[in-house]
Amino acid sequence: MTEMVVQDQDSPLRGDILEAILSHAPLTDLVPASRVSLSWRRAVTSSPSLLYRLEPWLLLHSTQTTTHAYDSRSRVWIETNLRPPTERVPTTALRSSHPNLLYALSPSRLSFSFDPLHLAWHHADGPAVWRAHPLVALVGRRIVVAGGGCDFEDDPLAVEVYDIDSREWNARESMPAGLKDSATSTWLSTAVYKNHRLFVTEKNSGVTHTFDPETDVWCGPYDLRPDPSAFSVAIACFEDRLILVG
Amino acid sequence: MASSIENNNEKLTLKSSDGEEFLVEKHVALQSTLLQNMLDSDCSSADVIPLPKIDARTLALVLGYCKKHADASSSKQGELNSFDSEFLKDMDMGALFNLVLAANFMEIKGLLDIAAQKIADTIKDKPHQEVREIFHVENDYTPEEEAAVREENRWAFEGFP
């Protein structure tokens, strides 16, 4: 083997062959592979067959001490060190919100992160109304916190919006009265449409309202179910389509 | 003369880099896109097809793979899968390299995929120094370049000193 390689002047693994092999390697192994040599780095960084096959990672943040990423291209779970800053973000309170918001909400603080790997964390004071299981959604550059109010004197439908750029909380129009008995994330499913409109669907009834934090207007109710017998409904948005599952 | 042409249609002769000749049934040879194209464009009128990059040992392995896959019906996918994994088992890295090169040259996608996968599996979880040793790759990075690459991917290198 060694002789063959020496005769060949350098490693036989070049060009197409190297790319063919690297396209079968788990994504995480491409990082050490790019340090092997210049030609390996070229194969990793310039190979269309590697880049076209990139797929998004599924990140699983557990309340324990680890975060796992699933790379569907290489079908492996990777233990990552992509941890929220645990000294400031209580992992027991960690929640996720579609599409890519990770947050921890306590009475005194909202910590959140929305970059793909959650490397950057933002910290803000908590909302004025104390809530349990509110809806939390990232709509454009605003974080909408709705419902979940649980103190006797508080409005259970209260809505507050945190503006990421001005770093200010503002009270907004409360959720429609029809959601009075279901205004928590347990009973409602949310989707963010084109970064400007929040869709809120009651899981049991399929009744949907929308909220535009820019204009502070709630609209609805709508029934988006094609089949009215559908129950246990969830809503999501993918690119510019709404997806309703029941 | 007529019998010779008929014969050519059913079998062809491949010649390895070290001069050994292999008589191959046509449906087996069709596993290779290279040979298929040659047959389609009628280049096969030559009595012997030389494969100057592939030695006899490798060619025998390649043809063994082709025969199995040509003969198995599509309903026996499970059997083929276990044949594939058995086929590469215990194969040393040199033989694997030769197999990948041959599969790439002869355009046998299935074989290229399984051999490339097998080699990729050996890279898995290994630091770059070890990969260099396994594949006899010369490190042509300057120390400055290497430091730059390291810095660029620092987030991923923790655990790989």
Side-chain angles (χ1 to χ4, degrees), chain A residues 1-45 47 49-50 53 57 67 69 71 73-83 115-120, chain B residues 53 55 57-58 91-105 107 109 111-142 145-161:
Chain A
M1 177 53 220
T2 312
E3 279 117 340
M4 184 200 94
V5 172
V6 173
Q7 280 165 12
D8 236 355
Q9 289 300 319
D10 53 79
S11 172
L13 298 184
R14 281 173 292 168
D16 295 354
I17 306 281
L18 187 54
E19 285 178 18
I21 289 165
L22 291 178
S23 73
H24 287 273
L27 205 53
T28 43
D29 288 308
L30 297 182
V31 173
S34 70
R35 297 181 74 191
V36 167
S37 74
L38 285 168
S39 55
W40 278 55
R41 180 172 166 76
R42 264 195 303 278
V44 169
T45 53
S47 163
S49 60
L50 296 183
R53 293 186 58 210
W57 282 9
T67 292
D71 176 21
R73 171 179 170 273
S74 26
R75 293 184 201 151
V76 287
W77 281 97
I78 303 151
E79 195 175 319
T80 72
N81 48 17
L82 302 169
R83 295 297 299 158
D115 57 305
L117 293 175
H118 301 296
L119 299 173
Chain B
K53 291 184 171 170
D55 64 27
R57 182 181 167 223
T58 306
M91 199 174 280
D92 67 58
M93 202 48 86
L96 267 177
F97 283 170
N98 288 334
L99 210 54
V100 161
L101 292 170
N104 186 57
F105 179 71
E107 297 174 61
K109 188 170 183 310
L111 180 59
L112 181 62
D113 278 346
I114 60 166
Q117 180 68 61
K118 180 91 176 176
I119 297 177
D121 288 347
T122 63
I123 303 178
K124 203 165 148 40
D125 298 332
K126 293 207 172 62
H128 61 287
Q129 300 95 329
E130 212 172 309
V131 175
R132 263 182 215 144
E133 277 174 34
I134 297 170
F135 296 100
H136 304 275
V137 182
E138 194 195 335
N139 176 17
D140 52 4
Y141 274 121
T142 64
E145 285 168 339
E146 198 163 6
V149 176
R150 185 186 164 78
E151 188 54 33
E152 192 179 303
N153 295 316
R154 194 162 44 90
W155 60 273
F157 284 147
E158 286 165 29
F160 284 124

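Here is how names work: the chains are called A, B, and so on, in the same order as the sequence lines, proteins then strands, and each is numbered from 1.
In this structure, B/Gln129 and A/Val36 have side chains that are not in contact, with every pair of non-hydrogen atoms separated by 4.5 Å or more.
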- Message: Applying side-chain contact (heavy atoms from CB on, under 4.5 Å) to A/His24 and B/Asp121, what does each step give before you reach the verdict?
- Response: CA-CA 8 Å; A/His24 287 273; B/Asp121 288 347; over 6 Å; no
- Task: Show your working on side-chain contact (heavy atoms from CB on, under 4.5 Å) between A/Trp40 and B/His128 and close with a plain yes or no.
- Result: CA-CA 10 Å; A/Trp40 278 55; B/His128 61 287; over 6 Å; no
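Here the CD-CD1 distance, from B/Gln117 to A/Ile21, works out to 10.5 Å after rounding to the nearest 0.5 Å. Here the OG-CZ distance, from A/Ser34 to B/Arg150, works out to 12.0 Å after rounding to the nearest 0.5 Å.
Between B/Ala116 and A/Ala20 the shortest heavy-atom distance is CB-O, 3.8 Å.
Proximity to chain A is absent for every atom of B/Glu130, based on heavy atoms less than 4.5 angstrom apart.
No donor-acceptor pair under 3.5 Å is formed between the side chain of B/Asn139 and the backbone N or O of A/Ser37. B/Arg132 places a side-chain N or O within donor-acceptor distance of the main-chain N or O of A/Arg35, the cut-off being under 3.5 Å.
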